[in-house]
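Chain naming here is simple, since letters A, B, ... match the order of the sequence lines and numbering starts at 1 in each.
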Amino acid sequence: MSVVGELGLSEVGAVGSDALAEILTRTVSNEPVAAYAVAEPLSWDVLQQGGWDMLGVAEEDGGAGASLRDLVELARVWGRAIVPAPLLPTLMAKRWSASARECDGPVTFSVHTRTTGALAVAPFADMPGIEVLHDVSPGGSVGRAVVGHADDYAPSLRIAEVDVLSTWSADAAREMRVVWAAEATGCAARMLDDAVAYAKDRHQFGQPIGRFQAIKHHLANAHIFAEQAETAAILASLEPERAVAASRFAFDASLRVIEIAIQVHGGLGFTWEMGLHMYLRHVGALRELAAGLPE
Amino acid sequence: MSTETETVAARRANFRADAEKWLALNVPDEWRKNRGALDEEQETRIRWEWDRQLHAGGFAGLSLPVEYGGQGLGLREEVLFGELAARAQAPDSLGRIGKILTAPLLIAHGTEQQRATYLPAILSGEQVWCQGFSEPGSGSDLASVACFAQKVDGGYLVRGRKTWTSYSRQAERCLLLVRTDQDAPRYKNLSLLLLDMKAPGVSLSPIRQISGSAHFSETTFDDVFVSDEDRVGADGNGWAMAMAILSSERGAVEAVTRYVEIRADMTLLRDCCARAGEAVDRLQDLELRVELIRWQVSKAVAREEDEERMLGSVMVLKVLWSELWQELTSLAAKLSCSEHRDHWRYQYLESRAATIYSGTSEIQRNIVAERVLGLPK
């Protein structure tokens, strides 16, 4: 596989993430996130027909052979839009399991988080036709799960209780953790861009608020956190022994970026309609899912 | 020790004992035991009832003069009661805008008629007030408000929009900052009115916040009549009235009521984490800083006689409690047990707004730099 981009990014990662960005822009760029996060802006068929679910599958198994480093780039692009579709879980399930690869429809898996008590939860669990991978490893099998109470904290992730707790191979758990962390850093990058644009546009005291040093420092700090978060996600994909610590860092730093973005948006930042909270919820919920993975 | 000091000390000791006894008997169990699980309506109902209980018990308007229905005590008693209420896990007052903002303003700058009309209803908890200052285009730059009150015979017709109106659904009256002169220079073109929220022409549209709850509204005024009797201060003197409302004393009373809520969250977080045996160092640090808020308030009111030093101590409070609360809820969102998950998620989201409303942290730091440290504007 040829390395074309920075720090080991291959052509599959570079071209794939550009193409995905284009699809997402076409799909939701004119929609407010508060509206589409609770709707279905991108159908599974579009993703499946584009072969996106097979991107991370090895070439000898009929996939595009993306590396974990490539998937970091893809997840970052995905995180910019938080479209509520089960692409990343399906893509990862198919990467590890032959029986998942046989499914045309979406596939998910469950974890046990610290706040779900005795139960297991799975992202996108209540999507029609979704299969649950019982054992996230090469020999794992899929099946349907009984879906219980939906957790509506992060609407863009459609998390719900399921009656199956997936088991995880160490590698699968590590890779999923890294991809979720990378997704979080994409959320942060998007929120930073939005906050910078707002600071240039919003006027108070007769000038754009971005001219005030207090706002500049906020945004500079957010940029520093966003940069570190991205670096941490890349590092996590390349140094397996540091994946847990680096992913944790990426989640926390990404949340800081979104918190600052909300602060810079002032009153609008804490309205439901503006939708910045959808990103805050999304990253908070991802962090909780990732913390539920075996280390 | 002089006789006067002894009397004051004895009076304070009595006050403490009375307040502790009263709180033990009156704090509703429904609040104390289910705080993490109450919905918005239950919360509103309990807080409203709490205002009535406070009045019946003789604990409303502690630092307001007796002649206006207050208890004639000082800021110290106000603060002491806040501390005791926190320990007893008491609810927060629903009529806080009326008690903290309107009542002191009317006592300092209102007419006899305004005091007679409004103070009894505010103190008894019957009348809830809201505050109409911010507008969509005037947030941090408050002096640029555009909501216009046209002078007519006997009063004004108010037309325009206000935003971030808390308690607007329960409020009977609004403390409203409006522009009354389109030609006068900045700071000389505003007036302060007491507007009837049930009058024709007032409409509310709730603003849903990131937590999903709707504590605020956008309020539209479509030719709402306000009589001259309901203007506080002279026409064109609204900026001075607004500054009086946002005076330093408010900061101490506000902070002590916030301490009530943060103290309760801190106790809950300690319980959550004790079970998991986690984050011991961070909890100790937070615990100390929560108590530092209480001590900062006590220190500030002890300097009541020395305005300059008091200002220096008071003006840091908003930044301290709002940023501490955010830190606390961020940690709790991360470490929450399953039982209190929903409470912490809600508090985490709600706390994001605390460094934005009532003067953003950026504006607060500007005020510290300019008003306390005297740095050039």
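- For NZ of Lys200(A), the number of neighbouring non-hydrogen atoms (other residues, nucleotides, ligands) closer than 6.0 Å is 12 at most.
- Heavy-atom distances place the side chain of Phe216(B), and not its backbone, under 4.5 Å from chain A.
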For this session: Apply side chain to side chain contact (heavy atoms under 4.5 Å, CB included) to Leu349(B) and Leu280(A), showing your working.
Result: CA-CA 9 Å; Leu349(B) 292 170; Leu280(A) 197 66; 3.7 Å; yes
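- For CD of Gln213(A), the number of neighbouring non-hydrogen atoms (other residues, nucleotides, ligands) closer than 6.0 Å is 12 at most.
- Counting heavy atoms from C-beta on, the side chains of His218(A) and Glu362(B) come closer than 4.5 Å.
- With respect to the salt-bridge test (charged N to carboxylate O, under 4.0 angstrom), the residues Arg341(B) and Asp151(A) qualify.
- Residue contact with chain A, scored on non-hydrogen atoms closer than 4.5 Å, is absent for Ser134(B).
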For this session: Apply side chain to side chain contact (heavy atoms under 4.5 Å, CB included) to the pair Glu273(A) and Gln209(B), showing each step before the final yes or no.
Result: CA-CA 8 Å; Glu273(A) 284 186 345; Gln209(B) 290 150 249; over 6 Å; no
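- Among the candidates Ala214(A), Gly267(A), Gly275(A), the residue making the largest number of heavy-atom pairs closer than 4.5 Å to chain B is Gly267(A).
- From Ile209(A), atom CD1 reaches atom OG1 of Thr360(B) across 9.0 Å, with rounding to the nearest 0.5 Å.
- Atom CD1 of Ile262(A) and atom CD1 of Ile210(B) lie 4.5 Å apart (nearest 0.5 Å).
- A cation-pi geometry, defined here as NZ or CZ lying under 6.0 Å from the six-membered ring centre and within 45° of its normal, does not hold between Arg352(B) and Phe270(A).
- When the candidates Gln204(A), His217(A), His203(A) are compared by the number of heavy-atom contacts under 4.5 Å with chain B, Gln204(A) comes out ahead.
- With a 4.5 Å cut-off on side-chain heavy atoms, Glu259(A) and Thr355(B) do not count as touching.
- We find the CZ-OH distance between Arg281(A) and Tyr348(B) to be 11.0 Å, quoted to the nearest 0.5 Å.
- More than 12 heavy atoms of other residues, nucleotides or ligands lie within 6.0 Å of CD in Gln207(A), so this atom counts as buried by the packing criterion.
- Of the listed residues (Ser144(B), Ser330(B), Gly137(B), Ala333(B)), the greatest number of heavy-atom pairs within a distance under 4.5 Å of chain A belongs to Gly137(B).
- Note that CD1 of Ile363(B) and CZ of Phe212(A) are 7.5 Å apart. Values are rounded to the nearest 0.5 Å.
- Looking at Arg208(B) and Thr271(A), their side chains never come closer than 4.5 Å, going by heavy atoms from C-beta outward.
- The shortest side-chain heavy-atom distance between Asp252(A) and Lys334(B) falls under the 4.5 Å cut-off.
- For a residue to count as touching a neighbouring chain, one of its non-hydrogen atoms must lie under 4.5 Å from one of that chain's; by this rule Thr163(B) does not touch chain A.
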